[in-house]
Structures are given as structure tokens and as C-alpha cells.
Amino acid sequence: MASERCCFFLEIVLSIILPPLGVFLHYGCCSMEFCICLLLTILGYLPGIIYAIYVLVAVDHEPYRRYYYQPLA
């Protein structure tokens, strides 16, 4: 439980420093959220930060976690 909150905090901090990196760590490279965040960051740094924080905090990510984090065996 504590490590999950620590990872979430790290994603938020990285999203403030470099917005696509925080979204990449949370959703992966080929997700729509990452592509939108990358485009917004290229067009303007502040819109990229706002979108990255919004995606990490407000969007329900449980369906993505079930898809990406399945056991290998």
C-alpha cells in the first residue's frame, strides 16, 4: 500500500518536471494519454503539465491496470 502511494507521488513529481514521462510510467508508451500529453507538451509546457496531472489524478485507471499488469504465468 505504501509503495503504491510512493509510486503515485513519483509519477506526479515527474509529471511536473517532464509531463510525458509521468504519463508514460503510468499508462505506457503506446497509449492515447501519452500521445496527447506529448503533443500538448510540444505545443506548450504548461498545457502538458495540466493534462498530465489531470490524467494521473482524475481519470479512472483501473481498466488499464488490469490489462497491463497481468501475471506472466
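The structure presented is a predicted model; accordingly, all values stated were derived computationally and were not measured.
Follow the hydrophobic side-chain contacts under 4.5 Å out from Leu10 and you reach Val55 in the same cluster. A chain of hydrophobic side-chain contacts below 4.5 Å, direct or via other Ile, Leu, Val, Met, Phe, Trp or Tyr residues, connects Leu25 to Tyr51.
Note: Cys35 SG to Phe24 CZ = 11.5 Å, rounded to the nearest 0.5 Å. Rounded to the nearest 0.5 angstrom, Ile49 CD1 and Leu40 CG are separated by 11.5 Å. Atom CZ in Phe9 sits 10.0 Å away from atom CG in Leu14 (nearest 0.5 Å).
Under the 4.5 Å side-chain criterion, counting only non-hydrogen atoms from C-beta, Tyr27 is not in contact with Met32.
Considering only residues two or more places apart in sequence or on other chains, Ile42 meets the side chain to side chain contact (heavy atoms under 4.5 Å, CB included) condition with Leu38. With sequence neighbours left out, the side chain to side chain contact (heavy atoms under 4.5 Å, CB included) criterion links Ile12 to Phe8, Ile16, Ile53, Leu56, Val57.
Residues Cys37 and Ala52 come closest through the heavy atom pair SG-CB, 3.8 Å. Closest non-hydrogen pair, Pro19 versus Thr41, comes out as CB-OG1, 3.6 Å.
Partner Leu21 forms a side chain to side chain contact (heavy atoms under 4.5 Å, CB included) with one of Val23, Ile17, Leu18 and no other, that one being Leu18.
Annotation for Tyr54: atom OH does not count as buried by contact number, only 12 or fewer foreign heavy atoms lying within 6.0 Å.
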